[in-house]
Amino acid sequence: LHLTFPGHDTYTNYTNTLNLDTAIITTRYTVGDTIFTREMFASYPAQVIVLHITANRPGALNFTAELDTQQHYGQTNVTANTISVTGRAPVHISGPVANANVQWDEHKGTALEAILHIATKGGQIIPGEKDSLMVKNADEAVLIISATTSFNGFDHDPATQGKDPDAIARGHLNKAVARSYQSLLDEHLSDYRGLFRRLWVSIDGETPNK
C-alpha cells in the first residue's frame, strides 16, 4: 500500500508510536496549521488491516492510494472505491539471497490477492493515474485491506488444490466494510486485550534519583 500526500514534504511535530496495550500504530504530524493523524491495526477477528486517517480541519485530506505486489503473473483492477491486486509467488528459490535464482511459473505456485477499500467522510474519491485512487477534500478516510493466498495446507498443491483467494479476500472485506470503524476497533481491542491483559503488572512508587 502506497499513500502519497501532496504538500506534506514539509512537516513538523512528527511522531510514530506503537501502543502495546492496544496494538495500534499512531502516526501524527503537522503541516501548516493542520494536524494529520493515522491509526492502523491488524484485526484478527475481521481478518483485515484497518487504517483510519483524520485531520483536525474539515476537508483537509488529499492523498493518492496505490496497491501493488512484487509477485508475478497478476493484474490490478480499480473500481470507484477499491483496488485489487493478484499475483503468483515463485515456485522455487535457490542460492544466496543477493543472487538468488528465482523461478516463476504462470500456472504453478501460490496464488494471492489483496484488495483495498476506501471510504470517506466528506470529499470524494476519484480515479488517479496508473491504477490509483485519489481522495479529495475529505474530513476523514477509512482504508481496509483484505489479503489472502491459495495455501491449503502443506499436503496440497496451492495451484491445483488451493483455496480461492478472491472468494476469501472479498468475503472478509465485504463483512468489514459493512461495519463502522468504531465497531472494528472495539472488536480488535476486545480480541487483543483478551490475550495481552492476561497478565497485568502495576508498580507504584517514587522514581529513583539518578
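Since the structure is predicted, the reported quantities are computational estimates derived from the model, not experimental observations.
- The side-chain heavy atoms of Val31 and Thr10, taken from C-beta on, include no pair separated by under 4.5 Å.
- Taken to the nearest 0.5 Å, the OH atom of Tyr29 stands 11.0 Å off from the OG1 atom of Thr15.
- For the 3.5 Å distance criterion, the side chains of Ser180 and Ser183 fail to qualify, holding no donor opposite an acceptor.
- Side-chain atoms of Asn13 never come within 3.5 Å of backbone atoms of Thr30 as a donor-acceptor pair (strictly under, hydrogens ignored).
- The shortest non-hydrogen separation linking Leu116 to Ala65 is CD2-CB, 4.0 Å.
- Between Pro6 and Phe63 the shortest heavy-atom distance is CD-CA, 4.2 Å.
- The structure places CG of Leu173 at 13.5 Å from CD1 of Ile168, a figure rounded to the nearest 0.5 Å.
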Atom pairs and distances, donor-acceptor, side-chain atoms in residues 41-54, under 3.5 Å, two or more places apart:
unit_1 : atom_1 : unit_2 : atom_2 : d
Ser43  : OG     : Ala46  : N      : 3.1
Gln47  : NE2    : Tyr44  : O      : 2.8
His52  : NE2    : Glu140 : OE2    : 3.0

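- With a 4.5 Å cut-off on side-chain heavy atoms, Leu112 and Thr110 do not count as touching.
- A side chain to side chain contact (heavy atoms under 4.5 Å, CB included) with His2 is found for one member of Asp68, Leu67, Thr64 and no other, namely Asp68.
- The aromatic rings of Phe5 and His8 sit parallel, their planes meeting at an angle under 30°, below the 60° perpendicular limit.
- Considering CD1 of Ile24 and CD of Glu39, their distance stands at 6.0 Å, rounded to 0.5 Å.
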Anything under 3.5 Å between a donor and an acceptor, one on a side chain of residues 85-104, the other on a protein residue two or more places apart or in another chain? List them.
unit_1 : atom_1 : unit_2 : atom_2 : d
Thr86  : OG1    : Gln75  : N      : 3.0
Thr86  : OG1    : Gln75  : O      : 3.4
Arg88  : NE     : Glu106 : O      : 3.0
Arg88  : NH1    : Gly109 : O      : 2.9

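- A donor-acceptor pair is defined here as one N or O able to donate and one able to accept, closer than 3.5 Å; no such pair exists between the side chain of Tyr14 and the backbone of Thr27.
- A heavy-atom distance below 4.5 Å is found between the side chains of Thr148 and Pro165.
- Side-chain contact between Ser146 and His117: absent, with no pair of heavy atoms (C-beta onward) separated by less than 4.5 Å.
- The heavy-atom pair separating Thr120 from Gly122 by the smallest distance is OG1-O, 3.1 Å.
- For the atom pair Asp33 CG and Asn56 CG, the distance stands at 7.5 Å (nearest 0.5 Å).
- Note that CG of Asp155 is 8.0 Å distant from CD of Gln161, once rounded to the nearest 0.5 Å.
- The closest donor-acceptor contact from the side chain of Arg179 to the backbone of Ala176 lies at 3.5 Å or more, if one exists at all.
- Side-chain atoms of Thr22 and Arg193, non-hydrogen and from C-beta on, do get closer than 4.5 Å to each other.
- Of all heavy-atom pairs spanning Glu66 and Ile83, the tightest one is CA-CD1, 4.2 Å.
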Taking distance alone, no hydrogens or angles, what donor-acceptor pairs closer than 3.5 Å link side-chain atoms of residues 126-139 to residues at least two apart or in another chain?
unit_1 : atom_1 : unit_2 : atom_2 : d
Ser132 : OG     : Glu129 : N      : 3.2
Ser132 : OG     : Glu129 : O      : 2.6
Asp139 : OD1    : Gly59  : N      : 2.7

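- Of all heavy-atom pairs spanning Ala141 and Leu61, the tightest one is N-CD1, 3.7 Å.
- For the atom pair CD1 (Ile25) and CE (Met40), the distance works out to 4.0 Å, reported to the nearest 0.5 Å.
- Hydrophobic clustering (ILVMFWY, side-chain heavy atoms < 4.5 Å, transitive): Ile144 and Leu189 are in one cluster.
- At a threshold of 4.0 Å, the pair Asp157-Lys108 does not count as salt-bridged, since none of the basic side-chain nitrogens sits closer than that to a carboxylate oxygen.
- Contact record, Tyr181 with Val142: CB-CG2, 4.1 Å, taken as the closest heavy-atom pair.
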